Student: 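My questions all concern the structure below.
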Amino acid sequence: MVRKIAFLNVKHFFSGAKWIAVLFVQFLYMQGNYAGLRRFLIDSGEMVNLVGLYAMQLCAPVPVAMAGILLTVLLSDAPFYTEAQNAVLIRCGQRTWIKGQLLYCVLVTTIYMGALLLFQGVLLAPYGYFSGDWGRVIRSIVQADAMSEYALPFAFSGGVMHQFSAGGAFGAAVVLRLIVFSTCVFLMFTINLRFRTRLGALAAMGVLLLDLLEKPYRWYVFSISSLARLSNLNFGYEEHLPEVAPALGIVLGACAGMVALALYVGRRYDVADLANRE
């Protein structure tokens with residue numbers, strides 16, 4: 001029943017127009033980010049590994065914050081409720097309905113991150129390819145410190161390249177970012193549910209924007225978005241950065257805590273009141 005509720009919400013989600021507008025804005029933002037690199041690929045005839053490039057993008061604070069903010073706009077009405085769902089709520093119970101709503105948020109977040117990878121491929125076509133190796137273009141950018149030459153608004157981390165293959169960095173970066181984005185959406189969800197509002201998105205955006213603040217490394221513990229960037233973690237080479245195990249513990253603990261809080265709030269407050277929220 002949980003999956004049924006989630007998939008029903010996803011179906012309703014795509015019946016509206018908001019997702020088109022948000023993805024269009026994200027596409028335009030990424031088009032500006034990759035314009036310089038695309039010109040280089042056209043002029044040189046080189047090809048870039050999209051797997052490694054996506055992993056590096058997820059290590060960059062500004063593109064990640066922009067993507068997260070647009071995601072909160074996309075899901076700002078969570079938990080999704082209409083009077084038509086009242087029968088479903090009565091049939092399955094409030095706790096199951098809340099679980100379905102949380103799964104819906106995770107599914108939309110996953111689809112959204114997939115769209116970012118798709119946009120990257122479209123913007124760099126036909127000069128992109130998929131590989132587990134970093135490839136010559138990314139290696140040369142890191143070794144020559146040539147981000148400004150290609151007008152890329154984010155840095156490439158040599159430490160990440162040294163520690164991971166492109167495929168490994170891709171998997172780790174995607175999972176960490178999915179957890180952080182989901183945690184922010186769960187925070188928004190819980191505030192919207194508890195206070196019968198749609199302003200929970202502001203709190204979620206605040207969590208994401210903490211990553212952009214200039215701060216000592218020891219303060220990264222207060223920003224799960226900072227801790228989810230592979231370039232911010234100490235894999236044994238940069239002792240001033242947060243250790244991997246505590247950082248992962250904080251990120252996973254924050255996500256688990258938000259799920260538990262959402263379920264707790266969902267048990268205590270009448271979901272049907274959401275129909276009258278501001």
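If you're wondering where the values come from, they're calculated on a predicted model, not measured in any experiment.
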Student: To the nearest 0.5 Å, how far apart are CG in D77 and CZ in F13?
Tutor: 8.5 Å
Student: So F14 and W19, would you call those rings parallel, tilted or perpendicular, with 30° and 60° as cut-offs?
Tutor: perpendicular
Student: Counting distance only, does the side-chain N/O of S182 pair as donor-acceptor with the main-chain N or O of I179 below 3.5 Å?
Tutor: no
Student: Mark yes or no for whether K99, through its side chain, and L263, through its backbone, hold a donor-acceptor pair below 3.5 Å.
Tutor: no
Student: Where do L58 and R229 come nearest, in terms of heavy atoms and distance?
Tutor: O-CG, 3.9 Å
Student: Would you name the heavy atoms of C184 and V207 that are closest together and state the gap between them?
Tutor: SG-CG1, 3.7 Å
Student: State whether the side chain of W134 and the backbone N or O of N49 hold a donor-acceptor pair below 3.5 Å, judged by distance alone.
Tutor: no
Student: Where do V160 and C59 come nearest, in terms of heavy atoms and distance?
Tutor: CG2-SG, 4.2 Å
Student: Compare every heavy atom of G121 with every heavy atom of L50, then report the nearest pair and how far apart it is.
Tutor: CD1-CA, 3.7 Å
Student: I'd like to know if the side chain of R194 and the backbone of V265 have a donor-acceptor N/O pair within less than 3.5 Å.
Tutor: no
Student: Counting distance only, does the side-chain N/O of R136 pair as donor-acceptor with the main-chain N or O of M47 below 3.5 Å?
Tutor: no
Student: With R177, which residues qualify under salt bridge (charged side-chain N to carboxylate O under 4.0 Å, His left out), at least two apart?
Tutor: none
Student: Less than 3.5 Å apart, which donor and acceptor atoms pair up between the side chains of residues 248-260 and the rest of the protein, not counting sequence neighbours?
Tutor:
none

Student: Show me the side-chain donor-acceptor pairs of residues 108-119 shorter than 3.5 Å, one per line, residues at least two apart or across chains.
Tutor:
{"from": "T109", "atom 1": "OG1", "to": "C105", "atom 2": "O", "distance (Å)": "2.7"}
{"from": "T110", "atom 1": "OG1", "to": "V106", "atom 2": "O", "distance (Å)": "2.8"}
{"from": "Y112", "atom 1": "OH", "to": "Q26", "atom 2": "OE1", "distance (Å)": "3.1"}
{"from": "Y112", "atom 1": "OH", "to": "A67", "atom 2": "O", "distance (Å)": "2.8"}

Student: Between D211 (side chain) and S223 (backbone), is there a donor-acceptor pair under 3.5 Å?
Tutor: no
Student: Applying side-chain contact (heavy atoms from CB on, under 4.5 Å) to T190 and L187, what does each step give before you reach the verdict?
Tutor: CA-CA 5 Å; T190 304; L187 171 63; 5.7 Å; no
Student: What is the minimum heavy-atom distance between Q101 and N9, and which atoms define it?
Tutor: NE2-ND2, 2.8 Å
